[in-house]
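Side-chain atoms are counted along with the backbone in the values below, which use heavy atoms only and exclude waters and symmetry mates.
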Amino acid sequence: LLTRSLAELNRGDLGLTPGHTTTFEVHLGDSRYEDPEPRIQFHKALSERLESLPGVQHAGAVSRLPVTGLFNSWGFQYRTPDGETPWGGADIRVVEGDYFEALGIDRVQGRSFEATDSPESPFVVLINPTLAETYFPTTDPLGELVGFAGRQWSIVGVMEDVSHDHRGSFAPKIYVSQPQFAWDRNWPMFYAVTTATERSDMPGLIRQELAALDPSLVIHNIKPMREIMGAAIATERFSFALMGAFAAVAVILATVGLYGILTFSVGQRTREIGIRAALGADIGSLRWSVLRRAMAVVGVGSAMGLGMAYGLGKVLPAVLFGVSPADPVTFLAVPVALAGVALAAAYLPARKATRVDPIDALKLE
């Protein structure tokens, strides 16, 4: 079950396509960027400079990268078809530049942010399908208003769900543009720069562009997006691998144990087999009698093992990913595999015992 969970974890859909993407974090100093306008101009300029670098396809930023956890959960008000205005909750993410394009996050409906979405224009937001299904299940979310941070925001687009962790967990999200939300606070921004091919020189080029804008700023945590995604599942991958190694040892012990027990059992019957052979018993029927006894033992053991596994599996849902604790494939494959081991373990000593000369077998005490 854990091995299958690891396989599902590795091929899980997180809602993004990182490609050759380099990420880094920028914190603007409060003294020089206390007002919103310098923040807006800096992030706009940095995004444009990064996107103009040779080989760069897209560059943008967000207040929290995917698969690194929930970050900034806010309450918001929305209007129901009945005219009520209840409160909902969403993870707020601030976006700059071509962030969605840089990480391969598709647009599902409506539009994305545009250069005209300025502090002077109507306030707009993007949402994800999870929020749309949760709070607007029977209506088109485009054009609906959500209220938070003391303002009303119009929904103009729906972006594909992106997981906030390595398990493909989707929570309601609201995306706001950095120019329209710069007044709120001096948000740290995580940039994503995507190139057509792998570029080892990209960290150096990024540092040059940042220094050209503001030499006093420092880049933090510059690394490929794939490394961030890999680090997110590293702990569980190690745990699954470790448990898988113990499982492999258990299979080996079961195999050796079955072979040893069945070899001993057949050896105890060597005289009986010799007598039956001397009386004219068919060799094939003698071997089948040995295999039948072995399979009876394995059948009883498998039934007990499956019952125990099913009971213990009830404590695993929090650990498993993409696999049911009563996964039929697993519960069928394991007994079949052990039955194959038992057949081999029984057949070899049975074949050896039935090839003994009946006269020699009769001499055994």
Side-chain angles (χ1 to χ4, degrees), residues 13-18 36 40 43-44 47 51 57-67 70-164 168-184 187 189-190 192 194:
D13 183 15
L14 302 180
L16 69 160
T17 307
I40 295 173
H43 287 298
K44 179 182 178 182
S47 295
E51 205 156 49
Q57 295 177 317
H58 301 287
V62 68
S63 55
R64 182 80 168 193
L65 288 170
V67 305
L70 293 172
F71 175 54
N72 198 43
S73 295
W74 284 36
F76 67 91
Q77 277 190 300
Y78 65 101
R79 187 175 297 277
T80 68
D82 299 332
E84 299 178 354
T85 55
W87 283 86
D91 191 26
I92 304 292
R93 305 268 167 133
V94 185
V95 173
E96 169 65 47
D98 291 343
Y99 160 73
F100 297 111
E101 292 80 2
L103 289 185
I105 302 172
D106 297 329
R107 185 171 69 251
V108 177
Q109 189 180 0
R111 68 172 177 89
S112 185
F113 291 126
E114 299 175 350
T116 55
D117 295 325
S118 66
E120 293 76 28
S121 63
F123 292 98
V124 297
V125 295
L126 308 177
I127 63 173
N128 65 344
T130 297
L131 187 143
E133 294 165 5
T134 303
Y135 299 108
F136 304 101
T138 60
T139 59
D140 185 351
L142 297 185
E144 294 289 341
L145 297 177
V146 291
F148 62 92
R151 304 188 181 188
Q152 292 292 315
W153 308 73
S154 176
I155 300 173
V156 296
V158 181
M159 306 303 295
E160 184 180 13
D161 273 323
V162 181
S163 178
H164 57 262
S169 303
F170 303 127
K173 283 188 176 62
I174 293 177
Y175 298 98
V176 295
S177 69
Q178 199 275 335
Q180 289 194 334
F181 210 59
W183 56 268
D184 178 72
W187 291 88
M189 298 295 284
F190 295 80
T194 300

Colleague: How would you list, by chain and number, every residue that makes a ring pair (Phe, Tyr, Trp, His ring centres under 6.0 Å) with Tyr78, sequence neighbours excluded?
Modeller: Phe76, Tyr135, Phe136

Colleague: Decide yes or no for Ile174 and Trp153: does some side-chain heavy atom of the first lie under 4.5 Å from some side-chain heavy atom of the second?
Modeller: no

Colleague: Quick one, Arg79 and Thr85 - any side-chain contact, counting heavy atoms below 4.5 Å?
Modeller: yes

Colleague: Does the side chain of His43 come within less than 4.5 Å of Trp187's, by heavy atoms?
Modeller: no

Colleague: Rounded to the nearest 0.5 Å, how far apart are CG of Asp161 and OG1 of Thr130?
Modeller: 3.0 Å

Colleague: Can you tell if the side chain of Met159 reaches within under 4.5 Å of the side chain of Val95, non-hydrogen atoms only?
Modeller: no

Colleague: Side chains of Arg107 and Glu160: does their closest heavy-atom pair fall under 4.5 Å?
Modeller: no

Colleague: Nearest 0.5 Å, what's the CZ-NE2 distance between Phe100 and His58?
Modeller: 13.5 Å

Colleague: May I ask you to decide if Ala171's main-chain N or O and Asn128's side chain share a donor-acceptor pair within less than 3.5 Å?
Modeller: yes

Colleague: Ignoring hydrogens, what is the shortest heavy-atom contact between Pro179 and Ile40? Give both atom names and the distance.
Modeller: O-CD1, 3.4 Å

Colleague: Side-chain contact, heavy-atom cut-off 4.5 Å: Asp140 with Gln109?
Modeller: yes

Colleague: Could you measure the distance from the OG1 atom of Thr139 to the CD atom of Glu144? Nearest 0.5 Å is fine.
Modeller: 5.0 Å

Colleague: Would you call Leu126 and Ile155 a side-chain contact if the rule is heavy atoms closer than 4.5 Å?
Modeller: no

Colleague: If I compare all heavy atoms of Ser73 with all of Asp91, which pair ends up nearest, and what's the gap?
Modeller: N-OD1, 4.0 Å

Colleague: Is the distance between the ring centroids of Trp74 and Phe181 less than 6.0 Å?
Modeller: yes

Colleague: Search all heavy atoms of Ala102 against all heavy atoms of Thr194 and return the closest pair with its distance.
Modeller: O-OG1, 2.5 Å

Colleague: Is it true that, when you exclude Arg64 itself, more than 12 heavy atoms of the residues, nucleotides or ligands shown sit nearer than 6.0 Å to its CZ?
Modeller: yes

Colleague: State whether a side-chain donor-acceptor pair under 3.5 Å links Asp98 with Gln57.
Modeller: no

Colleague: Does anything in residues 170-180 pair up under side-chain hydrogen bond (donor to acceptor under 3.5 Å, both in side chains), and if so which pairs, sequence neighbours excluded?
Modeller: Ser121-Gln180

Colleague: Donor-acceptor pair, Ser163 side chain versus Ser169 backbone, under 3.5 Å?
Modeller: yes

Colleague: For the atom pair CZ (Arg93) and CG (Leu65), what is the distance rounded to the nearest 0.5 Å?
Modeller: 8.5 Å

Colleague: Please report the closest heavy-atom contact between Tyr99 and Ala61, naming both atoms and the distance.
Modeller: CB-O, 3.5 Å

Colleague: Looking only at heavy atoms, which two atoms of Glu96 and Ser47 are closest? And how far apart?
Modeller: CG-OG, 3.4 Å

Colleague: Measure the spacing between OG of Ser112 and CG of Asp117 and express it to the nearest 0.5 Å.
Modeller: 8.5 Å

Colleague: Should Pro119 and Trp183 count as side-chain neighbours, where that means a heavy-atom distance under 4.5 Å?
Modeller: no

Colleague: What pair of heavy atoms forms the shortest contact from Ala90 to Leu131, and how long is it?
Modeller: CB-CD1, 3.7 Å

